[in-house]
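Comments concern the structure below.
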Amino acid sequence: MMSLANAMTEEEFLEFDGRVHRLLGDDPVRYVVEPKLDGLAVTLTYENGRFVQGATRGDGLTGEDVTANLRTIRWCRSS
């Protein structure tokens with residue numbers, strides 16, 4: 001999960017997009033951009049429609065495995 005950090009201008013966003021394409025190549029990338037609210041960001045991984053892992057962004061390089069914590073939330077619990 002990459003972070004925009006504090007992209008406040010179109011130029012800063014385009015620099016971010018350049019970093020994404022340097023890592024991922026020239027395939028098209030779609031973004032969903034929302035105002036930043038304080039809180040926790042997690043990446044949820046599903047395989048065949050079943051929740052298998054959740055991780056925080058941490059410091060931007062190393063996150064924390066929070067799968068066990070997320071399994072306690074009814075909407076993502078696998079049965």
Worksheet item: Do you know which two heavy atoms are closest between Val20 and Val29, and how far apart they sit?
Response: CG1-CG2, 4.1 Å
Practice prompt. Flag the pair Thr9 / Glu12 as yes when at least one side-chain heavy-atom distance between them is below 4.5 Å, and no otherwise.
Written response: yes
Worksheet item: Has the side chain of Thr56 got a donor or acceptor atom that lies under 3.5 Å from a matching backbone atom of Gly63?
Response: no
Worksheet item: Are Thr43 and Arg57 close enough that some pair of their side-chain heavy atoms sits under 4.5 Å apart?
Response: no
Fill in: Pairwise side-chain contact, Leu44 with Val42, heavy-atom cut-off 4.5 Å (strictly under)
yes
Item to complete: Locate the shortest heavy-atom distance separating Asp26 from His21; write the atom from each residue and the value.
Response: CA-ND1, 4.2 Å
Worksheet item: CG/Leu24 to CZ/Arg19 distance, rounded to the nearest 0.5 angstrom?
Response: 12.5 Å
Practice prompt. Output yes when a side-chain donor or acceptor of Asn48 lies under 3.5 Å from a complementary backbone atom of Arg50, and no otherwise.
Written response: no
Practice prompt. State, to 0.1 Å, how close Arg22 and Glu15 come at their nearest heavy-atom pair, and which atoms those are.
Written response: NH2-O, 4.5 Å
Worksheet entry | Heavy-atom pair with the smallest gap, counting every atom of Arg71 and Val52 | NH2-O, 3.6 Å
Fill in: Validation row: Thr45, Phe51 side chains within 4.5 angstrom (heavy atoms)
no
